[in-house]
Amino acid sequence: MPLFLQTLQRYGWRMTKPNPAAALWLATVALIVMAAMSAAIHEAAKVAPVGQLVFWRSFVALIPIVIYMAFRGQLGASLRTKYPHKHLIRGLLGCAVMFFSFISLAYLSVGLATALSYLAPILSIVAAMTFLRERPGAVIFVGVVLGFAGILLMLYPSLVGAEVRDGTLIGVAAGVAMAATNALSRVQVKDLTRTDPPASIALSFAVICSLVGLATALFGWAELDTYAFMLLAGAGVLGGVGHVLMMEAVARAPVSLLAAYEYSGIIWAFLFDLALLGVALDIWSVSGALVVVGAAALVAYGQGRFVAKPVAAE
């Protein structure tokens with residue numbers, strides 16, 4: 001998310017008067033909305049295959065996003081690009097992120113799946129250490145170690161049990177794959193932001209995910225009752241609205257403020273688990289999730305993401 005926030009400000013999304021208090025309220029609502037979307041996907045995954053989930057989440061999300069872009073005068077810019085092949089690569093990577101994320105939500109609680117999403121910057125550091133021979137500072141290294149320790153804590157009940165519990169290993173593996181793919185997707189997004197505005201990237205991503213999800217209908221989709229359809233359509237609306245709210249938050253506060261605040265999203269995820277889904281969480285899972293989130297925040301701090309920096313003029 002911090003890269004997404006920096007991208008928006010880089011392309012002049014700051015079009016309203018700075019108001020950090022309003023930005024934090026908007027970001028809070030955005031985090032709640034995105035947690036609600038994850039809860040809807042978690043429930044819908046009980047009756048629908050992942051491809052069907054991806055289609056409805058992406059296709060319906062186009063409605064609020066397109067309306068917002070038109071209102072902001074960004075729709076025209078989003079339809080123009082000199083590098084369609086880069087949009088295709090980014091869209092497919094983002095689609096893989098969504099597939100893995102929804103598989104994780106199908107097997108894990110909303111809180112645990114959300115916590116695993118914070119592994120992306122940690123895995124990016126590991127990749128840099130392995131392939132680029134980079135040597136991060138002590139703070140970042142501690143964050144990486146803590147991140148993997150958190151995963152072990154989340155897995156502990158399954159590792160010591162006689163049987164793998166309710167697909168926990170599948171959910172965690174999908175969550176780690178999602179974070180790793182997200183790290184690759186971030187690289188592609190960073191490359192695209194050199195030439196294209198965020199409106200173009202967001203729109204192409206939603207369209208490509210819709211098409212990929214639709215293609216999975218060839219393998220069979222589930223027949224949806226009214227409740228399941230409302231869950232899927234609601235997930236799409238919530239995803240689009242959450243995107244819009246976060247863009248409005250970016251227009252009112254510096255990235256450094258919102259990047260730090262992003263980690264409070266785990267609170268809403270666990271609240272949805274407890275209050276609405278009735279998910280019983282054990283101490284190992286919650287402790288592991290909190291360690292992962294703390295590790296991600298530590299890595300972000302070590303990389304200077306919480307330090308206010310001027311946005312470069314284009």
Given side chains that start at C-beta, do those of [X] and [Y] come closer than 4.5 Å, heavy atoms only?
X: E248; Y: Y68; value: yes
X: F99; Y: T216; value: yes
X: L112; Y: T168; value: no
X: L93; Y: T181; value: yes
X: R90; Y: H87; value: no
X: L169; Y: Y107; value: no
X: E43; Y: Y227; value: yes

For the residue pair [X] and [Y], what are the closest heavy atoms and their distance?
X: G111; Y: I266; answer: O-CD1, 3.2 Å
X: I41; Y: A235; answer: CD1-CB, 3.7 Å
X: A27; Y: A249; answer: N-CB, 4.0 Å
X: A115; Y: V292; answer: O-CG1, 3.2 Å
X: S58; Y: C209; answer: OG-CB, 3.1 Å
X: H42; Y: S109; answer: CE1-CA, 4.2 Å

Using side-chain contact (heavy atoms from CB on, under 4.5 Å), reason through W268 and V110 one step at a time and then give a plain yes or no.
CA-CA 9 Å; W268 306 111; V110 176; over 6 Å; no
To the closest 0.5 Å, what do you measure between [atom1] ([X]) and [atom2] ([Y])?
X: L116; Y: S101; atom1: CG; atom2: OG; result: 9.5 Å
X: I103; Y: L108; atom1: CD1; atom2: CG; result: 11.5 Å
X: L203; Y: L62; atom1: CG; atom2: CG; result: 6.5 Å
X: I267; Y: F272; atom1: CD1; atom2: CZ; result: 13.0 Å
X: F100; Y: L105; atom1: CZ; atom2: CG; result: 14.0 Å

Check the pair F205, M98 against side-chain contact (heavy atoms from CB on, under 4.5 Å), reporting the backbone distance first and the verdict last.
CA-CA 11 Å; F205 167 64; M98 190 176 293; 3.7 Å; yes
Side chains of residues 148-155: which donor-acceptor partners sit under 3.5 Å, not counting sequence neighbours?
none

With F55, which of V60, L214, V212, L211 fulfils side chain to side chain contact (heavy atoms under 4.5 Å, CB included)?
L214
Find out if a path of hydrophobic residues (ILVMFWY) with successive side-chain heavy-atom gaps under 4.5 Å connects [X] to [Y].
X: W221; Y: L224; value: yes
X: W25; Y: L238; value: no
X: L232; Y: V47; value: no

Could you tell me if R57 sits above the aromatic ring of F102, with its cationic atom closer than 6.0 Å to the ring centre and no more than 45 degrees from the axis?
no
Looking at S117 and T114, would you say the former's side chain and the latter's main chain have a donor-acceptor pair under 3.5 Å?
yes
N182 side chain to V97 main-chain N or O, any donor-acceptor pair under 3.5 Å?
no
Using 30° and 60° as the class limits, which term best fits the ring planes of W56 and F229: parallel, tilted or perpendicular?
perpendicular
